[in-house]
Amino acid sequence: MAQRAIPYMQFRGGSSKGLYFDARDLPVDIDHRNQILLDAMGRDARQIDGLGGAHALTSKVAIISPSSRPDADIDYLFVQVVVGENRVDTTPNCGNILAGVGPFAIEANMVDAQEGETTICVHMVNSGKLCTLVVQTPMGEITYEGNTAIAGVPGTAAAVVCQYQDTIGSACGSLFPTGQHIDTINGIEVSCIDNGMPVVLLRASDLGITGYESPAELDANEQLKASLQAMRLQLGPKMNLGDVDGAAVPKMCLISPALQGGVINTRTFIPYKCHDAIGVLGAVSVAAGCILPNTVAADVAKTVEPDSDGNVLVSVEHPSGEFTCAVETSTEDSGIQLTGVGLLRTARLLSRGVLYIS
Ligand code: NQM
């Protein structure tokens with residue numbers, strides 16, 4: 001039988017990489033669509049029979065369409081193809097893959113490029129929230145060349161400005177889904193936060209490590225990984241995520257004092273392997289833990305205060321550099337409120353064409 005041919009583009013989005021589809025080229029039926037994505041990426045741990053890169057950061061999919069909402073230009077659904085498990089997870093959003101969504105919309109003629117810069121409002125279907133992207137389009141043409149460097153990606157490229165309008169409770173429904181700023185689980189204090197990504201913050205020192213180990217060292221620490229997983233399984237239902245065995249969230253973020261002039265240092269399990277850097281929305285959730293009172297970050301992070309406009313710059317250190325989140329806040333009688341966040345990414349079109357499914 002002839003193979004099925006499906007148009008696609010492949011982008012590096014931030015420090016991740018994935019396949020980008022026009023939703024109209026995929027089946028409407030969700031199960032059928034997911035089977036196609038598994039075939040596209042590869043079903044086994046090496047993804048030998050697909051285009052995936054056999055790593056969580058290179059096994060990602062974006063499905064894009066003209067928006068169903070009057071206040072957005074395009075809809076973006078993120079799909080994590082779980083490496084080696086023959087299944088997908090659409091619970092979390094991905095802020096790295098999001099960076100390629102604006103360029104895709106222009107390349108696919110869903111959005112017209114403007115002179116200079118093109119502003120695209122994205123409805124992020126996974127979380128139901130909005131993010132405005134500003135893509136560089138000199139003379140009305142998209143460019144990928146520029147001077148912006150991001151950790152985890154060699155060289156420089158054109159900036160994609162990402163302005164999130166609301167991040168709170170993206171998958172768990174609230175900022176502190178357990179109802180507390182600190183919970184104790186298996187004798188360890190943790191803060192469970194969803195400010196764009198469900199993340200569990202833990203002090204590295206409470207787990208008998210420094211927090212400055214390399215990702216390879218941490219990946220080799222089976223005892224640490226087992227205790228993180230035991231905590232995750234108990235925290236999943238408390239965070240309104242249900243059974244999180246095999247799920248992509250919550251991420252487990254080990255925090256320690258910053259050493260490079262930042263606000264906090266991190267090592268993040270996403271959630272079974274340690275990230276070489278940190279996810280975008282993962283960093284945004286860590287930043288919330290540094291700004292808001294009475295979390296486990298309170299005695300680890302440098303104190304940060306909003307400037308006169310309510311903006312707080314939080315530099316989150318990670319194994320390959322740092323990630324700066326410009327968090328917007330307002331001060332209410334009830335305390336400091338998080339109202340949005342701005343950050344910089346880059347993206348690049350790597351390939352476009354037709355993929356074949358048996
Ligand atoms: O947190 C890694 C990444 C991500 C996700 C992860 C991401 C985000 O580096 O928004 O970008 O935590 O799985 O792409």
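Numbering of ligands and ligand atoms starts at 1, following listing order.
Neither the backbone nor the side chain of I97 comes within contact range of ligand 1; no heavy atom lies under 4.0 Å. The proximity of C94 to ligand 1, defined as any non-hydrogen pair under 4.0 Å, involves the side chain as well as the backbone.
In terms of protein heavy-atom proximity, atom 11 (O) of ligand 1 is nearest to N96 ND2, 3.0 Å. The protein atom (non-hydrogen) at minimum distance from atom 9 (O) of ligand 1 is H275 NE2, 2.7 Å. Atom 14 (O) of ligand 1 has S16 OG, 2.6 Å as its closest protein atom, hydrogens excluded (heavy atom only). Given atom 4 (C) of ligand 1, the protein heavy atom at minimum distance is K60 NZ, 3.3 Å. Shortest contact from atom 13 (O) of ligand 1 to any protein heavy atom: K251 NZ, 2.8 Å.
Atoms of ligand 1 lying under 4.0 Å from at least one heavy atom of G279, given by number and element, are 1 (O), 2 (C), 3 (C), 4 (C), 5 (C), 7 (C), 8 (C), 9 (O), 11 (O). If you number the atoms of ligand 1 from 1 as listed, the ones under 4.0 Å from a heavy atom of G95 come out as 7 (C), 8 (C), 10 (O), 11 (O).
Counting heavy atoms of neighbouring residues, nucleotides and ligands inside a 6.0 Å radius, atom CZ of R348 does not exceed 12 of them. Annotation for Y356: atom OH does not count as buried by contact number, only 12 or fewer foreign heavy atoms lying within 6.0 Å. Within a 6.0 Å sphere centred on CD of Q223, other residues, nucleotides and ligands contribute 12 heavy atoms or fewer. Taking a 6.0 Å sphere around CG of N86, one finds it holds more than 12 heavy atoms contributed by other residues, nucleotides or ligands. Other residues, nucleotides and ligands contribute over 12 non-hydrogen atoms within 6.0 Å of the CG atom of N186. Atom CG of L350 has more than 12 heavy atoms from other residues, nucleotides or ligands within 6.0 Å.
I106 is not listed as a side-chain neighbour of E141, based on a closest heavy-atom distance of 4.5 Å or more.
Remark: D243 pairs with no residue by the side chain to side chain donor-acceptor pair (under 3.5 Å) rule, at least two apart or across chains.
Considering backbone and side-chain atoms together, L281 places an N or O closer than 3.5 Å to an N or O of ligand 1. Here's the thing with G282: one of its N/O atoms is less than 3.5 angstrom from an N/O atom of ligand 1. Residue I270 has no nitrogen or oxygen atom sitting less than 3.5 Å from a nitrogen or oxygen atom of ligand 1, judged on distance alone. In terms of N/O distances under 3.5 Å, ligand 1 is not approached by I278.
In this structure, Q80 does not count as a contact residue of ligand 1, since none of its heavy atoms falls inside 4.0 Å of the ligand.
The only member of D307, V312, N311 that meets side chain to side chain contact (heavy atoms under 4.5 Å, CB included) when paired with T329 is V312.
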